[in-house]
S.K.: 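Structure in structure tokens, see below.
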Amino acid sequence: MFRPVVSASFFKKGCDMSEHIKIDIDALRKIGWDHWDPIRMRQLDDSAWRNNAADEYDTYLLQAANMILQGATCETVAAYLDDIISGSMALGPPSEAVHHASLLTAETISAYLQVDRASF
């Protein structure tokens with residue numbers, strides 16, 4: 001099965017600039033849908049619409065991954081995700097539960113990147 005991999009121009013702070021970090025966009029989407037999902041795309045009954053709208057979170061999740069690779073704390077990344085929810089998505093100020101979901105998303109992305117980097 002073909003799995004799209006984003007070969008991002010992301011570098012961990014202090015890494016050799018020739019070292020590209022490859023991020024599997026499907027893995028980030030799964031993290032976003034499992035933990036963050038502020039517009040509840042995973043609950044859509046129409047799988048075709050869900051697949052077509054899948055990239056809604058890509059930019060945000062790739063930015064979160066880049067922030068982690070650059071040394072941002074999970075709390076900083078969670079604040080970024082909260083800002084997306086309240087600002088870009090205009091869903092209002094994040095509740096404690098929403099912030100917890102953002103923090104869990106950041107922690108899960110961080111854990112994914114640790115495992116991913118260990119394989120290189």
Side-chain angles (χ1 to χ4, degrees):
M1 175 181 170
F2 175 74
R3 296 180 50 87
V5 174
V6 175
S7 180
S9 296
F10 297 150
F11 305 97
K12 186 171 188 288
K13 198 176 210 175
C15 277
D16 181 325
M17 293 301 282
S18 65
E19 180 186 345
H20 285 270
I21 304 297
K22 293 185 180 187
I23 299 173
D24 182 342
I25 195 63
D26 285 341
L28 281 185
R29 284 179 180 162
K30 180 169 178 16
I31 292 168
W33 288 345
D34 286 352
H35 302 297
W36 192 49
D37 196 25
I39 58 176
R40 296 186 169 90
M41 288 186 356
R42 72 171 169 244
Q43 297 176 7
L44 298 176
D45 291 332
D46 183 351
S47 63
W49 190 91
R50 179 177 163 174
N51 289 337
N52 290 336
D55 67 348
E56 175 70 21
Y57 297 162
D58 291 356
T59 301
Y60 308 134
L61 296 171
L62 285 167
Q63 178 61 26
N66 184 45
M67 291 171 71
I68 290 166
L69 289 170
Q70 295 302 315
T73 66
C74 288
E75 188 59 50
T76 298
V77 174
Y80 161 74
L81 294 173
D82 287 346
D83 286 345
I84 295 300
I85 292 168
S86 62
S88 299
M89 294 182 180
L91 296 177
S95 66
E96 187 176 324
V98 168
H99 177 71
H100 177 73
S102 295
L103 184 57
L104 183 57
T105 301
E107 291 168 348
T108 306
I109 292 171
S110 180
Y112 161 74
L113 291 171
Q114 291 297 322
V115 169
D116 189 56
R117 282 195 305 263
S119 69
F120 288 101

S.K.: Please tell me if the side chains of Y80 and S102 come closer than 4.5 Å, counting only heavy atoms from C-beta onward.
M.R.: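 The answer is no; the side chains never approach within 4.5 Å.
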S.K.: Within this structure, what is the CD1-CD distance for the pair I68 and Q63, rounded to the nearest 0.5 Å?
M.R.: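 Atom-to-atom, I68:CD1 and Q63:CD are 10.5 Å apart.
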S.K.: Hey, could you give me the CD/OG1 distance between E107 and T73, rounded to the nearest 0.5 Å?
M.R.: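 The OG1 atom of T73 is 10.0 Å from CD of E107, to the nearest 0.5 Å.
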S.K.: Show which side-chain atoms of residues 83-92 pair as donor or acceptor with protein atoms under 3.5 Å away, not counting sequence neighbours.
M.R.:
residue: S86; atom: OG; partner: D82; partner atom: O; Å: 3.2
residue: S86; atom: OG; partner: D83; partner atom: O; Å: 3.4

S.K.: Are side-chain heavy atoms of K30 and D26 found at a separation under 4.5 Å?
M.R.: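 No, their side chains stay 4.5 Å or more apart.
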S.K.: Any link between Y57 and L103 through a network of hydrophobic side chains (Ile, Leu, Val, Met, Phe, Trp, Tyr) touching at under 4.5 Å?
M.R.: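 Result: no, two separate clusters.
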S.K.: Taking C-beta and beyond as the side chain, do H100 and H35 meet within less than 4.5 Å on heavy atoms?
M.R.: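 No. Closest side-chain heavy atoms not under 4.5 Å.
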S.K.: Given side chains that start at C-beta, do those of I109 and V77 come closer than 4.5 Å, heavy atoms only?
M.R.: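 The answer is no, as the side chains (C-beta and beyond) never meet within the 4.5 Å cut-off.
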S.K.: Would you say L62 and I25 make side-chain contact, with heavy atoms under 4.5 Å?
M.R.: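 Counting from C-beta outward, L62 and I25 do come under 4.5 Å.
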S.K.: Between Y112 (side chain) and D24 (backbone), is there a donor-acceptor pair under 3.5 Å?
M.R.: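 Yes, Y112 side chain to D24 backbone: donor-acceptor pair under 3.5 Å.
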S.K.: Taking the side chain as C-beta and beyond, is there a heavy-atom pair between L28 and I23 under 4.5 Å?
M.R.: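 A side-chain contact under 4.5 Å exists here.
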S.K.: Identify the two heavy atoms, one from G32 and one from L61, that lie closest to each other, and give their separation to 0.1 Å.
M.R.: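 Closest heavy-atom pair between G32 and L61: CA-CD1, 3.9 Å.
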S.K.: For T108 and L104, which heavy atoms make the closest approach, and how far apart are they?
M.R.: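 Closest approach of T108 to L104: OG1-O, 2.7 Å.
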S.K.: What is the minimum heavy-atom distance between H99 and A78, and which atoms define it?
M.R.: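 Of all heavy-atom pairs spanning H99 and A78, the closest is CE1-CB, 3.9 Å.
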S.K.: Report yes or no: does S110 contribute a side-chain atom to a donor-acceptor pair with the main-chain N or O of A106 at less than 3.5 Å?
M.R.: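 Side chain of S110 to backbone of A106, a donor-acceptor pair under 3.5 Å: no, none is there.
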